[in-house]
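Please read the structure below before turning to the comments.
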Amino acid sequence: MLSNKRIQELELVMEFEKVEECFKEVSSWIESVGRKRLKETINLDDSLEMLLQAQKQFKEFDLVASEYCKRGQEALKKMNQWEDFSFVDVHSYRVKLQTYEDQLEEFCTQLDETRHRVCETVRLYEFFDKVRQAICCTEEGTKS
């Protein structure tokens with residue numbers, strides 16, 4: 001029984017090392033690229049043309065960022081099996097996993113919020129642009 005326990009511990013440690021490698025890559029990208037790009041989208045430009053350009057750039061970033069979020073979430077799913085091994089001492093690994101999970105969840109939430117904000121801002125600017133054009137056309141019609 002003790003031998004089986006040790007084998008399972010070793011298997012979990014080896015699995016954790018693989019997952020941790022993935023998380024380190026995802027975490028590094030989030031810190032060095034992801035957060036900076038999200039901060040860049042805080043102040044969106046005032047013109048519809050510039051806003052559409054910013055939306056296009058964000059969509060390109062969003063594809064890459066979503067892939068990193070997906071990879072991180074898949075790695076977390078692999079580690080869900082640890083819940084079944086309560087007899088194995090995995091506390092220190094769970095603490096590390098929780099840190100990665102918190103970071104990933106926070107970033108993915110910010111990504112979703114930014115995606116929604118950019119989309120809504122574009123829709124609002126498009127609406128105001130249509131209103132502005134309608135007012136201009138109405139003013140020109142009353143002058144004639």
Side-chain angles (χ1 to χ4, degrees), residues 5-144:
K5 180 181 175 184
R6 290 291 176 210
I7 289 171
Q8 287 179 331
E9 285 177 347
L10 288 173
E11 288 173 349
L12 286 173
V13 168
M14 291 183 338
E15 182 67 24
F16 179 79
E17 287 175 354
K18 291 178 193 173
V19 170
E20 186 176 35
E21 193 174 307
C22 175
F23 269 120
K24 283 182 179 178
E25 183 182 336
V26 170
S27 178
S28 175
W29 185 87
I30 287 172
E31 293 304 320
S32 64
V33 178
R35 291 194 194 285
K36 290 178 185 176
R37 290 291 305 269
L38 284 178
K39 286 180 184 176
E40 290 173 4
T41 60
I42 288 175
N43 297 320
L44 296 171
D45 291 313
D46 289 338
S47 73
L48 180 58
E49 182 181 321
M50 295 298 289
L51 187 58
L52 289 172
Q53 184 178 350
Q55 182 185 37
K56 180 183 175 190
Q57 291 171 351
F58 178 78
K59 283 182 179 181
E60 293 168 3
F61 163 74
D62 188 28
L63 287 173
V64 174
S66 294
E67 184 60 34
Y68 275 97
C69 288
K70 181 180 173 184
R71 286 176 54 201
Q73 290 164 345
E74 287 173 358
L76 278 175
K77 285 180 187 175
K78 289 180 184 178
M79 299 318 298
N80 283 340
Q81 66 179 337
W82 284 29
E83 300 301 323
D84 299 335
F85 294 103
S86 57
F87 57 88
V88 179
D89 183 21
V90 293
H91 178 72
S92 62
Y93 298 109
R94 285 188 178 151
V95 170
K96 285 183 179 181
L97 278 176
Q98 188 62 50
T99 301
Y100 288 131
E101 185 176 12
D102 292 346
Q103 179 194 35
L104 181 65
E105 185 178 315
E106 177 190 356
F107 178 76
C108 292
T109 299
Q110 288 176 346
L111 182 64
D112 289 341
E113 290 170 355
T114 303
R115 182 184 309 116
H116 178 73
R117 186 173 53 81
V118 168
C119 181
E120 290 301 309
T121 304
V122 167
R123 286 182 48 207
L124 185 62
Y125 270 72
E126 288 173 338
F127 172 75
F128 283 132
D129 193 54
K130 288 178 183 176
V131 169
R132 183 185 56 77
Q133 289 175 1
I135 290 172
C136 288
C137 290
T138 303
E139 287 176 353
E140 288 177 11
T142 57
K143 289 180 183 177
S144 303

Taking the side chain as every heavy atom from C-beta outward, state whether L52 and Y125 have any atom pair closer than 4.5 Å.
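Of all side-chain heavy-atom pairs linking Y125 with L52, none is under 4.5 Å.
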F23 to A75 - nearest heavy-atom pair and separation
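Here F23 and A75 meet closest at CE1-CB, 3.9 Å.
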Can you tell me how far [atom2] of [Y] sits from [atom1] of [X], rounded to the nearest 0.5 angstrom?
X    : Y    : atom1 : atom2 : value
T99  : L104 : OG1   : CG    : 12.5 Å
Q110 : R35  : CD    : CZ    : 5.5 Å
Q133 : D129 : CD    : CG    : 4.5 Å
C137 : R132 : SG    : CZ    : 9.5 Å
E105 : C69  : CD    : SG    : 11.0 Å
S27  : Y68  : OG    : OH    : 11.5 Å

Within residues 110-121 or reaching into it, pairs that qualify as salt bridge (Lys or Arg N to Asp or Glu O under 4.0 Å) - sequence neighbours excluded
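Sorted pair list: D62-R115, D112-R115, E120-R123.
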Applying side chain to side chain contact (heavy atoms under 4.5 Å, CB included) to F128 and L48, what does each step give before you reach the verdict?
CA-CA 9 Å; F128 283 132; L48 180 58; over 6 Å; no
Give a yes or no on whether [X] atom [atom1] has more than 12 heavy-atom contacts from other residues, nucleotides or ligands under 6.0 Å away.
X   : atom1 : answer
Q73 : CD    : yes
N43 : CG    : no
E21 : CD    : no

Under the side chain to side chain contact (heavy atoms under 4.5 Å, CB included) criterion, do E106 and Q103 qualify, and how do the steps go?
CA-CA 5 Å; E106 177 190 356; Q103 179 194 35; 5.6 Å; no
Which class fits the ring pair F107 and F61: parallel under 30°, tilted 30 to 60°, perpendicular over 60°?
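Rings of F107 and F61: perpendicular, over 60°.
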CA sep, side-chain torsions, deciding dist, call: L76, Y100, side chain to side chain contact (heavy atoms under 4.5 Å, CB included):
CA-CA 9 Å; L76 278 175; Y100 288 131; 5.6 Å; no
Any pair with a residue in residues 47-61 that passes side chain to side chain donor-acceptor pair (under 3.5 Å), sequence neighbours left out, goes on the list, sorted by first then second residue, please.
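As it turns out, there is no side chain to side chain donor-acceptor pair (under 3.5 Å) pair with a partner in residues 47-61 once direct neighbours are skipped.
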Keeping S28 on the side-chain end and E25 on the backbone end, is there a donor-acceptor pair under 3.5 Å?
no
